[in-house]
Amino acid sequence: MESIFGYMERYDYENVFLCQDRTVGLRAVIAIHDTTLGPATGGTRMWTYPSEMEAIEDALRLARGMTYKYAAAGVNLGGGKCVVIGDPRRDKSEMLFRALGRFIHRLGGLYITGEDVGTTLREMEYMRMETPYVVTLPASWGGAGPIGGATAFGVVQGMKACARAVYGSDALEGRTVTVQGLGAVGSEVVPLLVKEGARVVVADIDPEKVQAVTDRVRVEVADPDEVVGREADIFCPCALGGIINAETVPAFRVRIICGSANNQLREERDGDALEARGILYAPDYIVNAGGTIFDTDRLNPGGFNRERAMANVARIYETMSSLIRIAREERIPTYRAADLLAERRIEAVRKARLLASRGEVPM
Ligand code: NAD
């Protein structure tokens, strides 16, 4: 990144806050991308950034990603992110996160934080001691608790929308689905697919994760090295990012890719290459938004309501269907249609608000 202001101007960021407290060794960056839809919301990441500039760049990039995720999911939140410079295995302390909590509190609700890479519900509890602007919390603290199940449910809704577009029916019965990764999300996706009547093939590099799933449901187990090239109807990546890349794109033998893994496209051109191969790609941030939708429900009037939260997660089906429609109408790959969907929603809200402020009625 050549210049912070240059970068902020290019992608229209609102603020960057640098937080320092030498008594506890805190160095953190809070980036606010866009608050048109609501308060900037996104997790706190802790990482050993090689330079301050890289920490700022990461906070900015991740904050913008959150704007798109919420906008496309129909959630009234904006995009923000916090990064703490430090080693999550060595440098965590109650006082450090309480100090960060106090900084977040001073922003008065402009930014709402949550769990991310390098942080756990424990650190969220510390921050919650200083500020109410924290979302991912255990149920005992008024939070939604674990979110993997809601993320999994959202992935399956997205998958059904893809099946309807490709096969003319959203039924997954009889379809073969390969699931890569059986962690918090994958292990919950599998029973849902089995319930839908799909033939499920699973793979994980951790044999204990495989065992835990095969103890619950009847599925076929594949070698983790072979799962990508395996013939199936649907590939469901629930492990690492970057799984769609120059090596894997020619190897896929599926019609649909729909899973929870973040940043599945190693590069944008991999999305174009998938499109050229006629494989329907469900953009990750659209179909993996279930956990976030579920988790942030507690910001609605009256606090957390499980029924409303799950109804909103189920709407991923309609979101995915709309973006497939946009992609077809505009002849663009689905990953571009997802961005367009998000940008259109923000623009519509911005315009309606402007007209309302002038006393005019939106068209
Ligand atoms: P997790 O760490 O609980 O599980 C990941 C699993 O993938 C582990 O069991 C791991 O052994 C396995 N794995 C790693 N490399 C593998 C490989 N090469 N082949 C097969 N298996 C492999 O993570 P999670 O919370 O289940 O999240 C999975 C993905 O979904 C991540 O990319 C995460 O960022 C994303 N995501 C998760 C949530 C959520 O609610 N937890 C929400 C949105 C996005």
Side-chain angles (χ1 to χ4, degrees), residues 15 17 19 28-46 59 62-84 88 92 94 97-154 184-185 260 262 285 288-313 315-316:
N15 311 93
F17 299 96
C19 313
V29 183
I30 299 173
I32 310 289
H33 177 242
D34 189 297
T35 56
T36 307
L37 300 180
T41 308
T44 293
R45 177 167 294 196
M46 186 168 191
L62 293 165
R64 183 161 168 262
M66 294 311 293
T67 299
Y68 279 79
K69 186 166 186 157
Y70 290 125
V75 175
N76 285 318
L77 292 170
K81 203 85 182 184
C82 174
V83 307
V84 176
K92 282 182 182 175
E94 175 183 347
F97 281 94
R98 290 187 71 157
L100 180 59
R102 288 194 294 277
F103 274 113
I104 291 170
H105 195 66
R106 273 164 43 190
L107 298 181
L110 177 70
Y111 169 65
I112 298 172
T113 199
E115 191 184 357
D116 198 74
V117 174
T119 58
T120 66
L121 292 185
R122 192 73 202 267
E123 288 76 54
M124 300 307 116
E125 288 177 22
Y126 294 145
M127 289 199 271
R128 182 65 187 82
M129 290 171 189
E130 304 287 346
T131 179
Y133 305 120
V134 182
V135 275
T136 33
L137 285 165
S140 57
W141 280 71
I147 60 169
T151 304
F153 179 67
V185 182
S260 77
N262 270 318
Y285 74 79
N288 74 16
T292 303
I293 296 171
F294 184 73
D295 195 33
T296 53
D297 182 79
R298 68 179 275 268
L299 300 172
N300 284 307
F304 181 65
N305 177 317
R306 184 169 293 270
E307 210 175 304
R308 175 183 58 201
M310 289 311 277
N312 283 332
V313 176
R315 283 172 48 200
I316 289 177

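Residue numbers start at 1 and run along the sequence shown. As a basis for the values below, the full set of heavy atoms in this structure was taken, side chains included, without hydrogen atoms, waters or symmetry mates.
The shortest non-hydrogen separation linking V134 to T131 is CG2-O, 3.8 Å. Closest heavy-atom contact between F17 and N15: CE1-CB, 3.5 Å. Annotation for G109 and P39: closest pair O-CB, 3.2 Å, computed over non-hydrogen atoms. In this structure, A63 and A31 approach most closely via the heavy-atom pair CB-O, 3.6 Å. Residues F97 and Y126 share a closest heavy-atom pair of CB-CB, 3.9 Å. P88 approaches M46 most closely through the heavy-atom pair CG-O, 3.7 Å.
We find the CD1-OG1 distance between I30 and T44 to be 7.0 Å, quoted to the nearest 0.5 Å. A distance of 4.5 Å separates CD1 in I112 from CG in L299, rounded to the nearest 0.5 Å. In this structure, NE2 on H105 lies 9.5 Å from CZ on R128, to the nearest 0.5 angstrom. Note that CZ of R106 and CD of E130 are 12.0 Å apart. Values are rounded to the nearest 0.5 Å. With values rounded to the nearest 0.5 angstrom, C82 atom SG is found 9.5 Å from L107 atom CG. Taken from CG in L77 to OG1 in T35, the straight-line distance is 11.0 Å, to the nearest 0.5 Å.
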Report the C-alpha separation of K92 and T120 in whole Å, then their side-chain angles, then the decisive distance to 0.1 Å, and conclude whether the side chain to side chain contact (heavy atoms under 4.5 Å, CB included) test is met.
CA-CA 11 Å; K92 282 182 182 175; T120 66; 4.1 Å; yes
From CA spacing to verdict: side chain to side chain contact (heavy atoms under 4.5 Å, CB included), R315, I293
CA-CA 10 Å; R315 283 172 48 200; I293 296 171; over 6 Å; no
Step-by-step side chain to side chain contact (heavy atoms under 4.5 Å, CB included) determination, M127 to F103
CA-CA 10 Å; M127 289 199 271; F103 274 113; over 6 Å; no
Derivation and outcome, side chain to side chain contact (heavy atoms under 4.5 Å, CB included), residues T113 and T119
CA-CA 11 Å; T113 199; T119 58; over 6 Å; no
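With hydrogens and angles ignored, the 3.5 Å screen pairs a side-chain donor or acceptor of N300 with a backbone N or O of D297. When atom types are taken as modelled, the side chain of T151 and the backbone of V185 share no donor-acceptor pair closer than 3.5 angstrom. Within the 3.5 Å criterion, the main-chain N or O of T41 finds no donor-acceptor partner in the side chain of Y133. A distance-only check finds no donor-acceptor pair linking the side chain of N76 to the backbone of G38 [under 3.5 Å].
Within the 4.5 Å cutoff, side-chain heavy atoms of Y70 are placed close to those of T296. Side-chain contact between K81 and D116 is present, with heavy atoms from C-beta onward closer than 4.5 Å. Under the 4.5 Å side-chain criterion, counting only non-hydrogen atoms from C-beta, H33 is not in contact with M66. In this structure, the side chains of L137 and R298 come closer than 4.5 Å at one or more pairs of heavy atoms. No side-chain heavy atom of L37 sits under 4.5 Å from any side-chain heavy atom of V75. For the pair K69/N288, a side-chain contact is recorded, criterion being any heavy-atom separation below 4.5 Å from C-beta on.
Taking the six-membered ring for Trp and thresholds of 30 and 60 degrees, F294 and F304 have ring planes more than 60 degrees apart, a perpendicular arrangement.
Heavy atoms of other residues, nucleotides or ligands lying less than 6.0 angstrom from CZ of R308 number more than 12.
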